[in-house]
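Throughout, numbering of the chain's residues begins at 1 and tracks the sequence. Hydrogens, waters and symmetry mates play no part in the numbers below; they use all other heavy atoms, side chains included.
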Amino acid sequence: MRSIVKTNSKKQLTLWSYLATLVAVHLVFLILAFLSVFALPWKQILSIQLTSLLLILISAGILFIQNKGDAAAQTFRFLIISVTQLLGYLSASLALIYTDQSVELVLYLLGLSLSVLILQTSYFVRRLK
């Protein structure tokens, strides 16, 4: 039985390209913070960055550990990654809200998470036919 999902042979999913793509988003947000676009303390910015990087590392583990390249399993892994990241970012946002953190910090996390999810989705779509 042929699978509906095919991977593009020229563009393959690799751990390093996946991590480089998503770390680029974090670097952009750090550069924006360095340029004082965000009026947040560095300690809070770094804690949000580390939380997001932890979610990305978990996602990379889900995607690349014991990956046999089966298209159906790959689609299921994409679904698991999306749900894991959405729940992780939602949990972090709720933790910030319930601990009475500033609205700016919550918006920083939401902006970072939205950027990561959009770029990750485009990364997956570009590598699938």
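- Atom-to-atom distance recorded for T51:OG1 and L46:CG is 10.5 Å, nearest 0.5 angstrom.
- Here the closest heavy-atom approach between residue T21 and residue L119 is recorded as O-CD2, 3.3 Å.
- Atom CZ of F64 sits in a crowded spot, with more than 12 heavy atoms from other residues, nucleotides or ligands closer than 6.0 Å.
- A 4.5 Å side-chain heavy-atom check between L22 and Y18 finds at least one atom pair inside the cut-off.
- Across all their heavy atoms, H26 and V116 have their closest contact at CE1-CG2, 3.8 Å.
- L57 and F29 end up in the same hydrophobic cluster when Ile, Leu, Val, Met, Phe, Trp and Tyr side chains are linked at under 4.5 Å.
- Between L105 and L40, the shortest heavy-atom contact is N-CD2, 3.8 Å.
- Under the 4.5 Å side-chain heavy-atom criterion for Ile, Leu, Val, Met, Phe, Trp and Tyr, I58 and L87 are members of distinct hydrophobic clusters.
- The backbone N or O of Y89 lies less than 3.5 Å from a partner atom in the side chain of S93, making a donor-acceptor pair.
- Taken to the nearest 0.5 Å, the CG atom of L19 stands 9.5 Å off from the CG atom of L53.
- When only modelled atom types and interatomic distance are considered, E104 and Q44 share no side-chain donor-acceptor pair under 3.5 Å.
- Of all heavy-atom pairs between R77 and L63, the closest is NH1-O, 3.4 Å.
- Under the 4.5 Å side-chain heavy-atom criterion for Ile, Leu, Val, Met, Phe, Trp and Tyr, L54 and V25 are members of the same hydrophobic cluster.
- Rounded to the nearest 0.5 Å, atoms CG (L50) and CD1 (I45) are 12.0 Å apart.
- Under the 4.5 Å side-chain heavy-atom criterion for grouping Ile, Leu, Val, Met, Phe, Trp and Tyr, L94 is not connected to L114 through any hydrophobic cluster.
- No chain of hydrophobic side-chain contacts below 4.5 Å, direct or via other Ile, Leu, Val, Met, Phe, Trp or Tyr residues, connects L110 to I118.
- Separating the CD1 atom in I81 from the CD1 atom in I56 is a distance of 11.0 Å, to the nearest 0.5 Å.
- When all heavy atoms of L30 and Y108 are compared, the pair lying nearest together is N-OH, 4.5 Å.
- Going from atom CG of L109 over to atom CG of L90 covers 10.0 Å, rounded to the nearest 0.5 Å.
- Distance check, rounded to the nearest 0.5 Å: CD1 of I62 to OG1 of T84 gives 4.0 Å.
- Contact detail for L32 and F38: the closest heavy-atom pair is CB-CE1, 3.6 Å.
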